Trainee: 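Below you'll find the structure I mean.
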Amino acid sequence: MSIKDNLLIIGERIRKAENKYGRPAGSVQLLAVSKHQPLSALKAALQAEQLAFGENYVQEMAEKAAQLTAYPIEWHFIGPIQANKTRQIAALATWVHSVDRLKIAERLSKQNPYPERPIQLCLQVNISAEPSKSGVAAEQLLELATAVSALPQVQLRGLMAIPAPEDDFAKQRQAFAAVRDLFERLQAQGFPLDTLSMGMSNDLEAAIAEGASMVRLGTAIFGARGY
Ligand SMILES: *Cc1c(COP(=O)(O)O)cnc(C)c1O
């Protein structure tokens with residue numbers, strides 16, 4: 001299967017899930033997660049009109065961006081963030097999904113070289129099922145969202161989560177429902193959020209069922225990652 005075929009199949013899966021779970025057609029955006037994929041793979045996706053790419057490593061994103069300046073790519077940073085990497089991220093990424101502490105958001109805001117273009121942010125939440133250390137705890141979310149919303153050169157758009165891998169559909173949904181609940185509570189408190197970044201190759205249907213607006217797919221598009 002070519003990358004183009006994979007993108008067609010995934011587009012179909014997304015449309016079917018939108019339809020099945022009562023989501024408006026076209027309400028779920030596809031982010032192509034290209035970490036550890038060669039430039040040729042990104043070019044194949046670009047030729048199939050995929051323009052939004054997610055990367056986890058700053059150096060890798062910078063190297064790819066430098067070689068793909070001819071394309072109108074929208075870079076999304078989705079990996080853990082060290083404070084000393086924020087300047088590079090701010091210079092390259094349109095979106096950052098993995099903000100989990102105020103210091104990082106403050107630095108991105110201060111270091112954004114294009115003040116007329118606020119960096120679009122999601123707060124990564126650590127729901128209880130999540131084994132990784134990344135993500136803000138649910139109890140700290142409101143405080144973080146309030147502080148991030150006050151920063152001038154970033155715009156808070158929503159939440160991101162990476163639930164623990166799980167093959168059971170009902171359990172996948174349960175984890176995503178917990179994220180959705182946090183999202184809706186923030187909306188009810190007046191935060192103008194419109195983005196729920198959740199769902200990967202193995203659980204995108206469950207994520208769409210629970211309101212995902214952006215699914216982040218790597219393997220399903222590009223195949224296994226080369227390291
Ligand atoms: C690698 C990665 C993905 C893509 O995972 P696949 O299982 O290959 O679809 C999505 N989100 C994040 C944060 C990732 O690190």
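Indexing begins at 1, ligand by ligand and atom by atom, following the structure's order. Only a predicted model underlies this, so the values are computations on that prediction, with no experimental measurement involved.
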Trainee: Among S201, A32, G223, which one puts a heavy atom closest to atom 6 (P) of ligand 1?
Mentor: S201
Trainee: Can a side-chain donor-acceptor contact be found between E63 and Q67 if the only test is distance below 3.5 angstrom?
Mentor: no
Trainee: Looking just at side-chain N and O atoms, do D167 and N202 make a donor-acceptor pair shorter than 3.5 Å?
Mentor: yes
Trainee: Starting from L31 and following side-chain heavy-atom contacts under 4.5 Å between hydrophobic residues (I, L, V, M, F, W, Y), which residues can be reached?
Mentor: V33, I78
Trainee: With nothing but distance in play, are any N or O atoms of M160 less than 3.5 Å from an N or O of ligand 1?
Mentor: no
Trainee: Note the single closest protein heavy atom to atom 12 (C) of ligand 1, along with its residue, its atom name and the distance in Å.
Mentor: I78 CD1, 3.6 Å
Trainee: Identify the two heavy atoms, one from I10 and one from A220, that lie closest to each other, and give their separation to 0.1 Å.
Mentor: CD1-O, 3.4 Å
Trainee: Can you report which non-hydrogen protein atom sits closest to atom 10 (C) of ligand 1, along with the distance?
Mentor: M200 SD, 3.2 Å
Trainee: Is there a heavy atom of L217 sitting under 4.0 angstrom from any atom of ligand 1?
Mentor: yes
Trainee: By number and element, which atoms of ligand 1 are closer than 4.0 Å to a non-hydrogen atom of G218?
Mentor: 4 (C), 6 (P), 8 (O), 9 (O)
Trainee: Can you report which non-hydrogen protein atom sits closest to atom 11 (N) of ligand 1, along with the distance?
Mentor: R216 NE, 2.9 Å
Trainee: Report yes or no: do E74 and T94 form a side-chain donor-acceptor pair below 3.5 Å?
Mentor: no
Trainee: So which protein heavy atom does atom 1 (C) of ligand 1 come closest to, and at what separation?
Mentor: K35 NZ, 1.3 Å
Trainee: May I ask you to identify, for I162, whether its side chain, its backbone, both or neither come under 4.0 Å of ligand 1 on a heavy-atom basis?
Mentor: side chain
Trainee: Give the residue and atom name of whichever protein heavy atom lies nearest to atom 8 (O) of ligand 1, and the separation in Å to one decimal.
Mentor: T219 OG1, 2.5 Å
Trainee: Any carboxylate oxygen within less than 4.0 angstrom of a Lys/Arg side-chain nitrogen, looking at R15 and E12?
Mentor: yes
Trainee: So does Q189 have more than 12 non-hydrogen atoms from other groups sitting under 6.0 Å from CD?
Mentor: yes
Trainee: Measuring from non-hydrogen atoms of R225 to any atom of ligand 1, is the shortest distance under 4.0 Å?
Mentor: yes
Trainee: Which atoms of ligand 1 sit under 4.0 Å from any heavy atom of N56?
Mentor: 14 (C), 15 (O)
Trainee: For N84, enumerate each residue passing the side chain to side chain donor-acceptor pair (under 3.5 Å) test, keeping only those at least two apart in sequence or located in another chain.
Mentor: none
